[in-house]
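So the structure is just underneath, and the comments pick up after that.
Letters A, B, ... are given to chains in the order of the sequence lines, protein chains preceding strands, and every chain is numbered from 1.
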2 protein chains.
Amino acid sequence: MIHQPLIQHINDQVKASPEDLLLFTSKLREVAVAKGKFVLRPNTYVKHEYFVVEGCLSAYYLDQKGNKNIVQFAIENWWLGDFDAFYNGVPSKLYIEALEDSTLLAINQDDLQILFQEAPIFERYFRLLVTSAFISQRKRILSSLGKSVKERYLEFCESYPNINGRVPNYQIANYLGVSAESLSRARKKLRELKKA
Amino acid sequence: MIHQPLIQHINDQVKASPEDLLLFTSKLREVAVAKGKFVLRPNTYVKHEYFVVEGCLSAYYLDQKGNKNIVQFAIENWWLGDFDAFYNGVPSKLYIEALEDSTLLAINQDDLQILFQEAPIFERYFRLLVTSAFISQRKRILSSLGKSVKERYLEFCESYPNINGRVPNYQIANYLGVSAESLSRARKKLRELKKA
DNA sequence: TAAAATGATTGACCTAAATCAATTAGGCTT
DNA sequence: AAGCCTAATTGATTTAGGTCAATCATTTTA
């Protein structure tokens, strides 16, 4: 069943009763996105958060100079959305684009508030989710400050073993904040090291 | 009363009843730390999170090469602690050092769990806290990737208007992931721009 | 299968920021 | 006031990584 991966994910974090789970899943809507299509674009009011059942997506901003800045990749069992827009009621600045044909579960903002009222266990579930996202983001900050391209790429491969291979290198380079050329050179050096 | 700033902070985020608030504050312990002293050191099991009533602190890691990496400053009305160690039960890798004589409120891990059971509103309070910390951290990532020292310093001053002046520049440089010399030069250029 | 995109790699060159080494400027002590 | 820290600044030099321009490799599409 389509909800199964999410139920599994919830059970890994908290003890929710079957009724709670049913309440949650009753509020979900299935969303299919084809490769290259957008789940979210800037200047829209964000009404949903998404759980990835299948597929691969990226979330990015365009800065003043028009440069793309990838803030997140998401594959199976990841949540994604524009938290800033969602929680602060400001228009989104984020693009969310499918890198593969993807299947998502969407939850509406109002429904989520109701869910929190009716089943506070999900308040905990989301608190734990955001906390662990916060912790990994902190690792990313430490990695981006004062580490070489080589080191950052290695850390990326460790942190996202399942993403590497599904996403082109120039997108990984973007996520790491380096040029595609630099990443290519770093990877070459790593290959040479491995051989020797 | 010592708890007042925290109560204010809670009220800004959620609607907690007087009983809930009393329950929370009953679990707090006041901690005084002198300038230069540590609230937390690596390789300890972290049993508390801290709310800053007064003062200024920094949290940092030492990397493999022994370099200091400041991950956070905290002043009045900020929470700080080693989330990773606290939530995942691993030994801390973080130093938390007082940059000024400081007064903190500490909450114990077990007490916090009990609090969440007895007053789920605080589950929400902490969820909202972590979510907004997550959002500002994301901004920091975007700032550290692909922006110049000058831009990053300006963004820092905007984000932390109350910290600038209380913390020496070489520590701000460290937080930004640049050398003290580079920050000094960037500040010089900004001064010259302002004059012209 | 040819042609056309798309992505990866390589080379030459350039620039922002790091590093190294003094020098200067303010606070605090005594 | 003299000396002593600590922090900030400045100059000279080096370097990692960016940029620009081609070339190569690989999928996709016609």
B/S/- along nucleotides 25-30 of chain D (protein heavy atoms under 4.0 Å) is ------
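With sequence neighbours left out, Glu30(B) forms a salt bridge (Lys or Arg N to Asp or Glu O under 4.0 Å) with no residue at all. By the salt bridge (Lys or Arg N to Asp or Glu O under 4.0 Å) test, Lys15(A) pairs with no residue at all, sequence neighbours left out.
Distances shown here put a side-chain N or O of Ser182(A) below 4.0 Å from the OP1 or OP2 atom of dG18(D). One finds no side-chain N or O of Arg191(B) lying less than 4.0 angstrom from the OP1 or OP2 phosphate oxygen of dA8(D). Close to dT10(D), at under 4.0 Å from its OP1 or OP2, lies a side-chain N or O of Lys188(B). For Arg187(B), a side-chain nitrogen or oxygen approaches OP1 or OP2 of dT9(D) to under 4.0 Å.
The aromatic rings of His9(A) and Phe51(A) lie tilted to each other, with the angle between the two planes from 30° to 60°. Taking the six-membered ring for Trp and thresholds of 30 and 60 degrees, Phe116(B) and Phe126(B) have ring planes more than 60 degrees apart, a perpendicular arrangement. The aromatic rings of Tyr153(B) and Phe156(B) sit parallel to each other, their planes meeting at less than 30°, with 60° as the upper class boundary.
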Stepwise side-chain contact (heavy atoms from CB on, under 4.5 Å) test for Asn69(A) and Tyr60(A): CA-CA 5 Å; Asn69(A) 288 95; Tyr60(A) 60 88; 5.6 Å; no
Walk me through whether Phe73(B) and Tyr160(B) qualify under ring pair (Phe, Tyr, Trp, His ring centres under 6.0 Å). CA-CA 9 Å; Phe73(B) 295 112; Tyr160(B) 304 93; 7.5 Å; no
Yes or no on side-chain contact (heavy atoms from CB on, under 4.5 Å) for Ile172(A) and Leu183(A), after CA distance, side-chain angles and deciding distance? CA-CA 9 Å; Ile172(A) 295 175; Leu183(A) 179 58; 4.2 Å; yes
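Salt bridge absent: Glu97(A) and Lys37(A) never bring a charged side-chain N and a carboxylate O closer than 4.0 Å.
Residues of residues 165-180 of chain A that place a heavy atom closer than 4.0 Å to DNA chain C, in numerical order, are Pro168(A), Asn169(A), Tyr170(A). Annotation: proximity of residues 142-155 of chain A to DNA chain D (heavy atom, distance under 4.0 Å) is found for Ser148(A), Val149(A), numbered in ascending order.
Under a cut-off of 6.0 angstrom, the local environment of NZ in Lys27(B) is crowded, with over 12 non-hydrogen atoms contributed by other residues, nucleotides or ligands.
Over its length, the helix from dT1(C)-dA30(D) to dT30(C)-dA1(D) turns its helix axis by 40°, as judged from the five terminal pairs at each end, rounded to 10°.
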